[in-house]
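Quick notes on the structure that follows.
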Protein chains: 2
Amino acid sequence: MQFAPERDATIIVVDDDPGIRASLDSLFRSLDLRVKTYSDPSEFLASDLPSGDCCLILDVRLKASDGLEFQASLGQSGINIPIIIITGHGDIPMTVKGMKAGAVDFLAKPFTDEAILHAMGNALKASRRMRQIAQERTEIEQRYERLSAREREVMALVASGLMNKQIAGRLELSLITVKIHRASAMKKMEAESLAEFVRIAEFLGIRDESITRYHKNG
Amino acid sequence: MQFAPERDATIIVVDDDPGIRASLDSLFRSLDLRVKTYSDPSEFLASDLPSGDCCLILDVRLKASDGLEFQASLGQSGINIPIIIITGHGDIPMTVKGMKAGAVDFLAKPFTDEAILHAMGNALKASRRMRQIAQERTEIEQRYERLSAREREVMALVASGLMNKQIAGRLELSLITVKIHRASAMKKMEAESLAEFVRIAEFLGIRDESITRYHKNG
DNA sequence: TGGCGCATTAAACCAAAGTACAATAGTCCT
DNA sequence: AGGACTATTGTACTTTGGTTTAATGCGCCA
């Protein structure tokens with residue numbers, strides 16, 4: 001497997017060691033990749049996120065802050081970038097913590113060009129996957145936001161397998177009203193079949209709580 | 001969070017150091033957990049797998065064989081046990097490799113009782129989750145095996161969102177035949193609604209290849 | 001060879017889903 | 001006040017879906 005980084009990919013380096021920043025910068029630039037370097041997480045946060053695929057190469061030991069904490073905060077704030085952690089003075093517990101927190105790789109300094117490029121390749125692949133899924137999720141969530149409250153109720157019950165008549169009973173509506181909301185919901189969600197509608201609901205985790213039949217896990 | 005290991009859990013220790021085996025054995029037994037110790041992976045493989053929740057505490061450095069390779073071979077052969085790796089002479093690359101391969105935790109010797117118990121608690125939780133999912137998958141696969149070839153074809157097309165009439169066209173069958181197979185498939189899969197039927201198909205990854213509409217990833 | 005399961009189809013029928021047109025009423029914004 | 005959106009229901013009609021009963025043909029197994 002060779003290094004075949006996607007075009008328009010951006011490598012972000014956060015390390016307070018200017019030497020590391022410079023050497024990584026020249027390494028990636030020699031492969032026609034965009035590179036942004038920062039000496040501190042706050043600098044990175046103040047900047048715009050790249051639009052295309054990207055990955056973050058992060059030093060765990062930073063003067064001002066802790067790289068692992070920064071990693072955790074990124075994860076919590078929904079910023080989803082594959083992270084390669086590098087360290088000059090790492091140990092096993094730190095490595096475990098970083099990997100558990102979802103790092104794609106964890107490299108001890110000094111590392112070879114080959115090692116960081118290999119890690120970068122995997123990270124960009126992960127970025128691609130994550131972005132695709134995130135994009136799909138965003139699209140579907142935007143559609144879902146356009147549903148009215150009633151339509152959402154009906155959608156949840158339809159996805160739970162209830163018949164229109166049963167839904168009408170639960171919501172104390174007439175059968176026709178349910179049909180209207182159901183059709184409207186399917187149209188807004190751009191579902192062309194009930195099967196697709198169910199899968200979309202599943203993807204969004206929408207199901208009526210009172211109906212437990214099958215599949216809490218997934 | 002306290003240590004609340006499930007009852008009937010089994011801890012498997014594979015380490016060629018008799019001292020480690022003895023101390024882990026007494027530690028876990030003091031908590032009323034079942035323990036099985038082995039000095040070598042082959043010994044463990046020759047024994048029966050525990051029926052309840054369990055986890056494997058594995059030393060990476062074994063006289064006869066490599067713990068990481070053993071870990072990989074377990075994963076490939078479908079044996080699904082949460083693994084806690086322990087090591088006397090570990091380094092970062094080894095830790096990364098172990099974690100990437102799915103280890104629940106990675107501890108450097110010497111470790112405290114608290115550390116190994118904490119790891120064990122997480123491992124048993126993972127075991128519980130994995131076993132539940134595996135059991136559900138097995139049940140559903142067994143049901144699926146009872147379907148005839150035709151019923152499977154029809155199921156795939158139903159799950160893809162096609163109407164009975166369209167399915168009949170594709171398979172060159174009459175409408176009634178499709179309805180019969182569809183009803184039979186739903187009965188055998190124990191699906192009480194189309195929504196449930198679709199979710200079961202999704203769970204099994206069943207979809208007609210010629211129908212790409214929505215959701216390759218998930 | 002007779003029974004069993006599978007596959008196939010038909011006729012007839014009922015239930016459910018979907019659609020079209022029409023109407024009323026409330027809210028929110030301009 | 002008028003317009004837009006949502007919610008609601010009704011009637012009427014068409015299309016699908018689902019079930020029952022019945023029949024035919026095939027391959028397999030005891």
Side-chain angles (χ1 to χ4, degrees), chain A residues 140-202 204 206-208 210-211 213-214, chain B residues 141-202 204 206-208 211 213-214:
Chain A
I140 293 180
E141 280 171 353
Q142 281 174 351
R143 291 178 203 163
Y144 185 67
E145 281 171 14
R146 294 210 301 271
L147 299 201
S148 68
R150 272 299 196 207
E151 286 163 351
R152 291 180 193 187
E153 286 182 291
V154 171
M155 180 174 178
L157 293 170
V158 168
S160 301
L162 269 64
M163 290 182 305
N164 288 343
K165 193 195 287 183
Q166 298 173 296
I167 297 172
R170 290 208 176 210
L171 301 181
E172 294 184 308
L173 295 174
S174 80
L175 184 56
I176 309 95
T177 307
V178 173
K179 288 184 182 181
I180 299 287
H181 288 318
R182 177 178 185 155
S184 175
M186 283 186 64
K187 186 171 188 177
K188 287 184 182 175
M189 297 309 292
E190 296 175 26
E192 290 181 352
S193 67
L194 178 56
E196 202 180 343
F197 196 56
V198 169
R199 277 195 293 273
I200 291 173
E202 188 75 7
L204 290 173
I206 295 166
R207 195 100 56 86
D208 195 276
S210 64
I211 298 163
R213 176 105 186 125
Y214 191 67
Chain B
E141 279 172 353
Q142 281 175 351
R143 291 178 204 162
Y144 185 66
E145 282 172 13
R146 296 210 304 271
L147 299 202
S148 68
R150 272 299 196 207
E151 286 162 352
R152 291 178 195 188
E153 286 182 291
V154 172
M155 180 174 179
L157 293 170
V158 168
S160 302
L162 269 64
M163 290 183 307
N164 288 342
K165 193 194 288 185
Q166 298 173 295
I167 297 171
R170 290 209 175 209
L171 301 180
E172 295 184 307
L173 295 174
S174 79
L175 185 56
I176 308 97
T177 307
V178 173
K179 289 183 181 182
I180 299 286
H181 288 317
R182 176 178 186 155
S184 175
M186 283 187 65
K187 185 170 187 178
K188 286 184 181 174
M189 298 307 294
E190 296 175 26
E192 290 180 353
S193 67
L194 178 56
E196 202 181 342
F197 196 56
V198 169
R199 277 196 293 274
I200 291 174
E202 187 75 6
L204 290 173
I206 294 167
R207 196 100 54 87
D208 194 277
I211 299 162
R213 177 106 185 122
Y214 190 68

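It should be emphasised that the depicted structure is a prediction, and the values quoted were computed from it without experimental measurement.
Nearest heavy-atom pair, Ile200(B) versus Ala191(B), reported as atom, atom and distance to 0.1 Å: CD1-CB, 4.1 Å. Scanning both residues, Arg207(B) and Ser160(B), for their nearest heavy atoms gives CG-OG, 3.5 Å.
Here Glu153(B) pairs with Arg150(B) under the side-chain hydrogen bond (donor to acceptor under 3.5 Å, both in side chains) rule; sequence neighbours left out. Under the side-chain hydrogen bond (donor to acceptor under 3.5 Å, both in side chains) criterion, Lys165(B) pairs with no residue at all, not counting sequence neighbours. In this structure Glu141(A) satisfies the side-chain hydrogen bond (donor to acceptor under 3.5 Å, both in side chains) test together with Arg137(A), sequence neighbours excluded.
The structure places OG1 of Thr177(A) at 10.0 Å from CG of Leu171(A), a figure rounded to the nearest 0.5 Å. Of the inter-residue distances, the one linking Leu157(A) atom CG with Arg170(A) atom CZ reads 6.0 Å to the nearest 0.5 angstrom. The distance from the CE atom of Met155(B) to the CD1 atom of Ile167(B) is 12.0 Å, given to the nearest 0.5 Å. With rounding to the nearest 0.5 angstrom, the CG atom of Leu147(A) is 11.5 Å from the NE2 atom of His181(A).
Once you apply a 4.0 Å limit to the heavy atoms of chain A, the touched nucleotides of DNA chain D run 5' to 3' over dT6(D) to dT11(D).
Between the side chain of Arg152(B) and the backbone N or O of Glu145(B), at least one donor-acceptor pair lies under 3.5 Å.
Taking the screw axis at each terminus of the helix from dT1(C)-dA30(D) to dT30(C)-dA1(D) from five consecutive base pairs, the angle between the two is 40° to within rounding of 10 degrees.
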B/S/- along nucleotides 8-19 of chain C (protein heavy atoms under 4.0 Å) is SBB-----SBB-
